[in-house]
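Predicted, not measured: the structure shown is a model, and the values here were computed from it.
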Amino acid sequence: MAPLLSVLDLVNKVDGFPHPERDPKRYSEEMKRLYTFVWTDSEGMFPIGYVPLSVLEALEKTPEDIRGPMKIDHDARTIRLFQEPATEEKRSQLVAQLAAHWRQNQTFKILKGWRDELFPVYGRKGELLFSVERVAVGLFGFARYGIHMTAFIRHNDDKSRYDFRIWVPRRAANKSTYPGMLDNTAAGGLATGEDPFECAVREADEEATLPEDFMRKHLKETGTITYIYITDERAGGEPGWIYPECQWVYDLELPADGSITPRPKDGEVESFSLRTVEEVQEQLAQGLWKPNCAMVMLDFLARHGILTPENEPHYDELCAKSHRFIEFPGPHWPQWQHASPPERKA
C-alpha cells in the first residue's frame, strides 16, 4: 500500500517547478534543459514561455518557411520566434502552420491529442500576441488558463463533522489524460477570447448537465489559483512539459433536496458521487485526485475553514504554492484581474 500523501506532498506535485529564490539549486538544474521564449515590444524584451531542448532541436530542424524567422542567443539561453508577422492573425497562422507540420510528422507524442481549440498568449500590455493549438501550448511553456468549479450541498448528519457534502466526479476511463481519477465538479480550459464565467457555465452544462439559468444565478467566483506544473506520463504525450497555469475558481451550492444534481453528459465524466469532507480528504491522501484538481479542492477546504493554520502544519505552503507569481504576462497579473477578455485582446 502506498504511503498517504500530506497536503505538502499534494501541492508540491502541482507547483513542481522550482522557485528561483526558495530553491536556487534545483531551479538552476531545471533551467539547464530549457531556453526562455522571449518577446520584444517598444519597452524591450520580456519572457513568455519555457522551451525544452527537445523542442529547440526540432525548431532548428524545421525549415524557416514553416516556422518563420528565429533568433537564438545561446549565451543568454533565449529564443525569439513568431515575432515578425505584423498582425495577431498572421502570427497565429504561423504558429498553427508549425504545430500542424510537427503533428503530421509525429515529432511529439503530445500532438496526438490535437483538440482544435485555440489558447491565448498575451503580451505585457494585455494585448493578444497570438493563439496556439491547445495541446501545443506545452511545447513552448506558455501560460494557460482555465476554470474549476466545486458543487456542494448543505447537509447535517452524524457521518461528518461538517455541514456540507461535495459532488465529486470520476473522469472517464478512456480519457487521454488522467483517466479514472477524481476531479472537480466541472472544469475546462479557457479558449482565446472566452470569459471565465461563461466558460464555467458552458463546462457545467457539458460535463455535469447543470442548468444554465441556475448557474447564472448561483455560481460564485472565489478568486484564482496560480502555479507552475510539470507533467508526468498521465498527462498524455511525453512527460516533463511545463505549464504555468491560472485557474479561476468557482463555488456552487446546489439544493439540498436533490432537485438539481450533476449528471454525466459529454462522456468526459464516468459518474458523480456525493462525498463527505472526510471522504474527500481520504481520497486526496490516497492520491486519487487529478493533481491540479487536488490543489483546487485544498483551496476549497481552506476557504471554508476546514484547513486552518492551527490544524494544518503546511498551511502557509498551501497558500504560497497555490498563489505563485508567474512572470509571463496574462490575466493572472493583478492589474488584469478585472479586465474583460475584449479589453485583453488586440
Side-chain angles (χ1 to χ4, degrees), residues 31 33-41 45-74 76-123 127-146 175-177 188-194 229-245 328-330 345-346:
M31 292 304 293
R33 73 177 187 95
L34 303 170
Y35 272 49
T36 301
F37 197 123
V38 295
W39 198 262
T40 302
D41 62 11
M45 186 179 293
F46 59 95
I48 61 171
Y50 290 128
V51 179
L53 295 179
S54 60
V55 176
L56 179 62
E57 180 180 354
L59 284 168
E60 291 177 320
K61 293 179 179 178
T62 303
E64 183 173 317
D65 63 341
I66 293 174
R67 60 159 165 77
M70 179 171 65
K71 295 182 179 179
I72 301 173
D73 185 330
H74 291 292
R77 297 179 70 84
T78 61
I79 177 174
R80 290 180 62 208
L81 188 63
F82 314 137
Q83 179 96 48
E84 291 195 10
T87 66
E88 176 271 319
E89 180 181 7
K90 293 293 185 182
R91 291 192 291 267
S92 295
Q93 290 174 358
L94 182 59
V95 179
Q97 177 176 277
L98 173 62
H101 172 78
W102 282 347
R103 181 193 185 194
Q104 182 179 2
N105 288 276
Q106 301 181 2
T107 307
F108 298 103
K109 290 190 294 183
I110 194 174
L111 296 178
K112 291 181 179 180
W114 196 274
R115 302 284 290 272
D116 282 323
E117 296 178 40
L118 293 178
F119 276 17
V121 178
Y122 294 106
E127 73 277 22
L128 179 64
L129 300 180
F130 51 83
S131 295
V132 57
E133 156 62 33
R134 176 174 180 160
V135 298
V137 170
L139 298 176
F140 305 100
F142 298 140
R144 65 180 182 179
Y145 312 95
K175 279 190 69 68
S176 60
T177 60
L190 200 62
T192 297
E194 190 170 23
Y229 183 56
I230 303 177
T231 64
D232 59 27
E233 64 281 351
R234 298 170 298 176
E238 305 87 346
W241 302 119
I242 298 172
Y243 289 103
E245 292 192 341
F328 307 151
K345 291 177 67 179

Can you name the closest pair of heavy atoms from [X] and [Y] and give their distance?
X   : Y   : answer
T36 : P47 : CG2-CB, 3.6 Å
Q83 : T40 : NE2-O, 2.8 Å
L81 : M70 : CD1-CB, 3.7 Å

Would you find a donor on one side and an acceptor on the other, under 3.5 Å apart, between the side chain of [X] and the backbone of [Y]?
X    : Y    : answer
R91  : L129 : yes
Q97  : I66  : yes
R134 : R115 : no

In a check of ring pair (Phe, Tyr, Trp, His ring centres under 6.0 Å) between F142 and each of F119, Y122, W39, F130, which one passes?
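Per the ring pair (Phe, Tyr, Trp, His ring centres under 6.0 Å) rule, the option paired with F142 is F130, out of F119, Y122, W39, F130.
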side-chain hydrogen bond (donor to acceptor under 3.5 Å, both in side chains) involving E238 - partner list, sequence neighbours excluded:
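Listed in chain order: W241.
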Tell me every residue that passes side-chain hydrogen bond (donor to acceptor under 3.5 Å, both in side chains) with S92, counting only those two or more places apart in sequence or in another chain.
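For S92, the residues satisfying side-chain hydrogen bond (donor to acceptor under 3.5 Å, both in side chains) (neighbours in sequence not counted) are E88.
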F328: partners by ring-ring contact (aromatic ring centres under 6.0 Å, His included), with sequence neighbours left out:
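Y50.
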For I72, which of V51, L59, L56, T78 qualifies under side-chain contact (heavy atoms from CB on, under 4.5 Å)?
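So, applying the side-chain contact (heavy atoms from CB on, under 4.5 Å) to I72 and each of V51, L59, L56, T78, only L56 qualifies.
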Applying side-chain contact (heavy atoms from CB on, under 4.5 Å) between L34 and each of L53, V55, I242, report the one that passes.
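Output: one option passes, namely I242.
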Heavy atoms of other groups near E60 CD, more than 12 under 6.0 Å
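For E60, atom CD is crowded (more than 12 foreign heavy atoms under 6.0 Å).
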Stepwise side chain to side chain contact (heavy atoms under 4.5 Å, CB included) test for L139 and W102:
CA-CA 11 Å; L139 298 176; W102 282 347; 3.8 Å; yes
